[in-house]
Amino acid sequence: MKALKDILHGIPVRQVIGNLHVSVTGLHFDSRQVTPESLFVAVVGTRTDGHEYIELAIGMGASVVLCERLPQTIHDDVTYVHVDDTSFALGVSASNFYGNPSKQLRLVGVTGTNGKTTIATLLFKLFRELGYEVGLMSTVQNQISDRVVAATHTTPDPIALNKLLREMVDAGCDYCFMEVSSHAIVQQRIAGLNFAGGIFSNITHDHLDFHKTFEEYIRAKKTFFDGLDRFAFALVNADDRNGTVMLQNTFAHKKTYGIKSMADFKAKVIESHFDGMMLHLDGQEVWVKLVGGFNAYNILAVYGAAILLEQETMKVLTALSMITGAEGRFDTIVSDKGVIGIVDYAHTPDAVRNVLETINELRRKNEQVITVLGCGGDRDRAKRPQMAAVAVKNSDKVIITSDNPRTEDPLQIIRDMETGIPEEGKRKVFSIADRREAIRAACHLAQSGDIILVAGKGHEKYQEINGERIDFDDKQILRNAFNEQ
């Protein structure tokens, strides 16, 4: 239970009708979850407007309504709080309701198109290895030290987010590392949070179904860094041309990492194999259990963040040599016939390119690279032909298939992908709509030493078709297909 006056701290309020000194037992933005004597926040969403459900929320027992538009009917026993932006108010009120947990540990946000999950997960594992109690919020899963909490979104809604942070604080966590998606930034799910630091990995073509233009996508990422205070750090990839853009208006301590450019934290790949690589990292040599130039950037971001969080260099390097990456990120298995299978979450043109370029650098040049690739339905259509083109350019054979078609026709998604395939590349492309059969076909095509990349779904254990989620695990299906050989 929390006093309404305390919950509203830091929120610009236009008008209050009713009692400002009532106590609130809970906080909700979904009218179906409202409990007696709770506060209902009428959020204007992309599909529904919470203002249409104010009466329903009151009927469920809400004693306080926070809204952008006062309803026509005013109940004497309900307090109405009129604000300009309920999305912002929801974030701040959730933080206040749970006692501002982000101020009681060191919260670091990771944003960018690719690498968010790996960087956040590696930081979580690194700081656990260094002896701390740590929280994690990622696309794959949320964790409170050893306890796993299922993840439904890359960045949870403000209430779930602050509730989870409160649990982390109560469990004694010193740090929390979280992915910060562009959707979450625009929708103000991180409003009211206190970040000790922010990390920018890169920005490439993605989510234009939501942001509409690439400029808006960049602006969304930049907003996160604009909101950091002077006590935080902003660590950005100097080799990404938008890295310096992220730093333009931030009050945070500005730091950079890079492989090609001048930067505060530098690295170079000395040698690379399918089971790891040797890096020259900030003047020291270290072997890590990750592969590829893109992972060299991820490791470098993690190292830089750890140093900025005042950890000892040699302890950090030692711990980095012991930890593994995130599930479904360059996840490798080998068949009895010696075929190498790689499952990766790559679902943007740049991510597919990075993984395939890494594979081509590692192979001895006489093996086939066979790529199984799909694109998600109800998402950015513009990237579909680009992803197919990248796969064809960097593979010996490509099987185009479905990913999560959602409400779209899988065959139409495949047709969209096929428009990106040049005439000379069509001879090495097969189209198989059934993803399971596509993976099996790749295994039948493969000979000893060949490399199969199954891209797009990574850690996901489901396939979403017409609103229904069915069990589907790329890695398990690949393993089963290997056993059939």
Side-chain angles (χ1 to χ4, degrees), residues 112-119 200-208 214 217-218 221 237-243 258-261 267 269 272 274 277 290-301 325-326 328-332 340-363 365 367-376 379-401 403 413-414 416-422 424-426 428-429 442 450-458 474:
T113 305
N114 303 314
K116 295 190 299 295
T117 300
T118 297
I119 292 171
F200 170 75
S201 59
N202 51 63
I203 193 162
T204 61
H205 189 123
D206 201 15
H207 300 309
L208 298 194
F214 193 56
Y217 184 36
I218 294 170
K221 299 290 187 187
N237 182 353
D239 291 341
D240 187 289
R241 62 190 178 91
N242 287 297
I259 294 175
K260 302 172 185 175
S261 308
V269 179
S272 193
F274 274 110
M277 58 184 167
L290 284 85
V291 178
F294 61 98
N295 271 323
Y297 281 102
N298 294 335
I299 287 284
L300 191 48
R329 272 65 177 175
F330 214 91
D331 217 338
T332 305
I340 298 170
I342 298 168
V343 173
D344 196 274
Y345 190 54
H347 60 284
T348 67
D350 193 59
V352 174
R353 181 184 298 105
N354 285 338
V355 174
L356 283 170
E357 285 181 353
T358 295
I359 290 171
N360 281 301
E361 287 169 6
L362 293 174
R363 69 172 174 167
K365 304 302 180 187
E367 313 91 339
Q368 289 189 106
V369 175
I370 305 169
T371 298
V372 179
L373 178 71
C375 289
R379 296 294 187 270
D380 185 358
R381 294 184 63 178
K383 69 181 181 181
R384 294 172 184 174
Q386 296 178 22
M387 287 174 63
V390 168
V392 170
K393 180 181 178 181
N394 294 281
S395 309
D396 297 293
K397 291 185 175 70
V398 176
I399 302 177
I400 293 178
T401 187
D403 188 288
I413 297 173
I414 288 172
D416 288 347
M417 295 177 70
E418 288 173 340
T419 62
I421 301 170
E424 65 274 14
K426 290 181 179 178
K428 57 181 177 181
V429 177
D450 288 349
I451 303 152
I452 298 172
L453 170 65
V454 182
K457 290 175 59 58
D474 276 356

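Numbers here are sequence positions counted from 1.
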| Any salt bridge between R381 and D416, counting N to O under 4.0 Å? |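 Salt bridge between R381 and D416, a charged N being under 4.0 Å from a carboxylate O: yes.
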| field | Check ion pair D450-K397 (N to O, under 4.0 angstrom) | value |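 Between K397 and D450 there is no salt bridge, as every charged N stays at least 4.0 Å from the carboxylate O atoms.
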Let me confirm one number: the [atom1]-[atom2] distance from [X] to [Y], rounded to the nearest 0.5 Å.
X: L373; Y: I414; atom1: CG; atom2: CD1; result: 10.5 Å
X: M417; Y: C375; atom1: CE; atom2: SG; result: 4.0 Å
X: E367; Y: I370; atom1: CD; atom2: CD1; result: 11.5 Å
X: R353; Y: T358; atom1: CZ; atom2: OG1; result: 12.0 Å

Compare all side-chain heavy atoms of [X] with those of [Y] and state whether any distance is below 4.5 angstrom.
X: P349; Y: T204; answer: no
X: E361; Y: S272; answer: no
X: Y217; Y: T113; answer: yes
X: D331; Y: Y345; answer: no
X: S201; Y: I119; answer: yes
X: K428; Y: V392; answer: yes
X: E418; Y: K426; answer: no

Write down the atom of [X], the atom of [Y], and the distance for their closest heavy-atom approach.
X: T371; Y: A391; value: CG2-CB, 4.3 Å
X: I399; Y: A442; value: CD1-N, 3.6 Å
X: V390; Y: L356; value: O-CD1, 4.2 Å
X: A296; Y: I259; value: CB-CD1, 3.8 Å
X: A388; Y: I400; value: CB-CD1, 4.3 Å

| query | Is atom NZ of K393 surrounded by more than 12 heavy atoms (other residues, nucleotides or ligands) closer than 6.0 Å? | reply | no
| query | Taking R329 as the fixed residue, which of N295, N298, T117, D344 is the one that meets the side-chain hydrogen bond (donor to acceptor under 3.5 Å, both in side chains) rule? | reply |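 The single option meeting the side-chain hydrogen bond (donor to acceptor under 3.5 Å, both in side chains) with R329 is T117.
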| request: Using the test salt bridge (Lys or Arg N to Asp or Glu O under 4.0 Å), find all partners of R241 that sit at least two apart in sequence or belong to another chain. | output: none
| task | Apply side chain to side chain contact (heavy atoms under 4.5 Å, CB included) to N394 and N360, showing your working. | result | CA-CA 8 Å; N394 294 281; N360 281 301; 3.9 Å; yes
| task | Kindly determine whether V398 and I421 satisfy side chain to side chain contact (heavy atoms under 4.5 Å, CB included), including the steps that lead there. | result | CA-CA 11 Å; V398 176; I421 301 170; over 6 Å; no
| message | When you compare the side chains of N114 and T348, does any donor N or O come within less than 3.5 Å of an acceptor on the partner? | response |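 There is such a pair between these side chains.
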| said: Main chain of H347, side chain of K383: is a donor-acceptor contact present, judged purely on distance under 3.5 Å? | reply: yes
| request: Sort out for me which residue in I451, I452, L453 forms a side chain to side chain contact (heavy atoms under 4.5 Å, CB included) with I340. | output: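 Answer after filtering I451, I452, L453: I451.
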| said: Please enumerate all residues that pass side-chain contact (heavy atoms from CB on, under 4.5 Å) together with D240, with sequence neighbours excluded. | reply: F200, N202, I203, N237, N242
| Pair D403-R379, salt bridge (Lys or Arg N to Asp or Glu O under 4.0 Å): steps then yes or no | CA-CA 11 Å; D403 188 288; R379 296 294 187 270; over 6 Å; no
| Would you call the rings of F274 and F330 parallel, tilted or perpendicular if under 30° counts as parallel and over 60° as perpendicular? |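 Aromatic pair F274/F330 classed parallel.
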